[in-house]
Each structure stands twice: as structure tokens, then as C-alpha cells.
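Every value quoted in this text rests on a predicted model; they were computed, and no experiment measured them. To find a chain, count down the sequence lines: A is the first, B the second, and so on, and within it residues start at 1.
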Amino acid sequence: MATQSIFTSKVLKAVKLIPKGKVASYGQVASMVGVPRAARQVGRVLYEHGGKNKIPWWRVINNNGYIVIKNPEHSPNEQKELLEAEGIKINKKLKIDIKKYRYIPTKKDLKILENDDLYIQLILRKFKNL
DNA sequence: ATAATGACATGTT
DNA sequence: TAACATGCCATTA
């Protein structure tokens, strides 16, 4: 296996920070690792690494609250069941009340991801207003 | 070095 | 509400 890029390793680290019973959006994870507009890249990382190294890939959904997984090894229904097993309610259209379940990162977690103080303040404000 | 790709996000119809 | 359009950027070809 090739050496992972900084971006990839940070994404994996960030996803592991999402607590059981909570979810985060792709764009949110991108912001957490310092590249706010790299949501699609977060999706690609999970496509490759989902199911490996205890990565809780199922806790990442899109910003509208929908399960949008496209991976032959992990179906939308599998993701739904994994989330329900953690106590999250999901309707028939695979929609989640993201306002209710969204993980708001802590300063400590954002420090772990090597963000500087100014940037941390910035994205904390951003997610608290959701 | 250049171009295409896509587990997204956001604004406009 | 849903469909469509545009912007994005790490990877890959």
C-alpha cells in the first residue's frame, strides 16, 4: 500500500473523531481537516478506505442529511442499519435529522487535526450556527 | 504537464 | 420540493 497523503490521513483521523450516535457531513469533515471545499475528496477517501482500520465511514452523510453512498461493498441500506444501531432515526428516503445528530467538533479535536487557533475559531462558529 | 473524475455543496429555476 | 447548473480540488490516467 502506497504512502497516504497528508490529506487522506487527516480525513481518516477526522472521521474517527465522530462519536457513536452522531454524524458529520462530507463538507464538514473537509473543513475539519483544513480544506473546506474538498467535500468530494472526502467521499473518495471513504470510498477507498471504508471498511478498513475501524473507520466509522457510516457516520458521514451529505449536508442535506441524506445517505448518498455509492460503493459496491457498502449499500445505502447497510449504512442505514449501522446508524440505526447507534440510535439514529432515519426515514424511508434515507433522510436523517442532521440538525439533531450532527457532531460539533471540539477545540481539542480540531487541535488534533493540526489546525491553527484562528482557523479553529472560524469553523467552530460556522458549525455552531447550523 | 494536462485533463478527466467524482460517497459533495450551494445557488438558481 | 425537485431538477439543474456551477464551483471545487485531491487523485488518477
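- The separation between A:Asn64 atom CG and C:dT1 atom P is 11 Å, rounded to whole Å.
- The side chain of A:Ala39 sits closest to B:dA9 out of C:dT11, B:dA7, B:dA9.
- Nucleic acid contact for A:Glu48: sugar-phosphate only, since backbone atoms but no base atoms lie under 4.0 Å from a heavy atom of the residue.
- Hydrophobic cluster membership is shared by A:Tyr66 and A:Tyr101, with clusters built from Ile, Leu, Val, Met, Phe, Trp and Tyr side chains linked at under 4.5 angstrom.
- Here the nucleotide nearest the side chain of A:Arg40, chosen from C:dA10, B:dG6, B:dA7, is B:dG6.
- With distances taken from any side-chain atom of A:Asn62 to the nucleotides B:dC8, C:dC9, C:dA2, the minimum falls on B:dC8.
- Remark: C1' of B:dA9 and CZ of A:Arg102 are 12 Å apart, rounded to the nearest angstrom.
- In this structure, of B:dA7, C:dC9, B:dT10, it is B:dA7 that holds the atom nearest to the side chain of A:Ile69.
- Listed nucleotides: C:dT11, B:dA7, B:dA9. Nearest to the side chain of A:Gln79: B:dA7.
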Please tabulate, for side-chain N and O atoms in residues 15-27 of chain A, each donor-acceptor pair with protein atoms closer than 3.5 Å (sequence neighbours left out).
unit_1  : atom_1 : unit_2  : atom_2 : d
A:Ser25 : OG     : A:Gln28 : N      : 3.0

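- Per the geometry, CG belonging to A:Asn71 stands 14 Å off P belonging to B:dG6, to the nearest Å.
- Mapping A:Gln41 and A:Gly27 onto DNA chain B via the closest heavy atom, the residue that lands nearer the 5' end is A:Gln41.
- Taking the six-membered ring for Trp, A:His74 and A:Trp57 have ring centres closer than 6.0 Å.
- Residue A:Val35 is in sugar-phosphate contact alone, with no base atom involved, counting any heavy-atom pair closer than 4.0 Å across all strands shown.
- Checking the phosphate oxygens (OP1, OP2) of C:dT11, a side-chain nitrogen or oxygen of A:Thr8 falls inside 4.0 Å.
- One interatomic measurement links the two molecules: CD of A:Glu78 to P of B:dA7, which rounds to 17 Å at whole-angstrom precision.
- OP1 or OP2 of B:dT10 sits under 4.0 Å from a side-chain N or O of A:Asn63.
- When only modelled atom types and interatomic distance are considered, A:Gln121 and A:Asp117 share no side-chain donor-acceptor pair under 3.5 Å.
- For the atom pair A:Ile55 CD1 and A:Leu46 CG, the distance stands at 8.0 Å (nearest 0.5 Å).
- Per the geometry, OH belonging to A:Tyr47 stands 13 Å off P belonging to C:dT12, to the nearest Å.
- Atoms CG (A:Leu46) and P (B:dC8) sit 10 Å apart, rounded to a whole Å.
- As judged by a 4.0 angstrom heavy-atom cut-off over every strand, A:Phe7 is placed among residues touching the sugar-phosphate backbone only.
- Protein atom OH of A:Tyr26 is 15 Å distant from nucleotide atom P of B:dT10, rounded to whole Å.
- Distance, A:Leu83 CG to B:dA7 C1': 13 Å, rounded to whole Å.
- Nearest-nucleotide assignment on DNA chain C puts the 5′-proximal partner with A:Arg37, out of A:Arg44 and A:Arg37.
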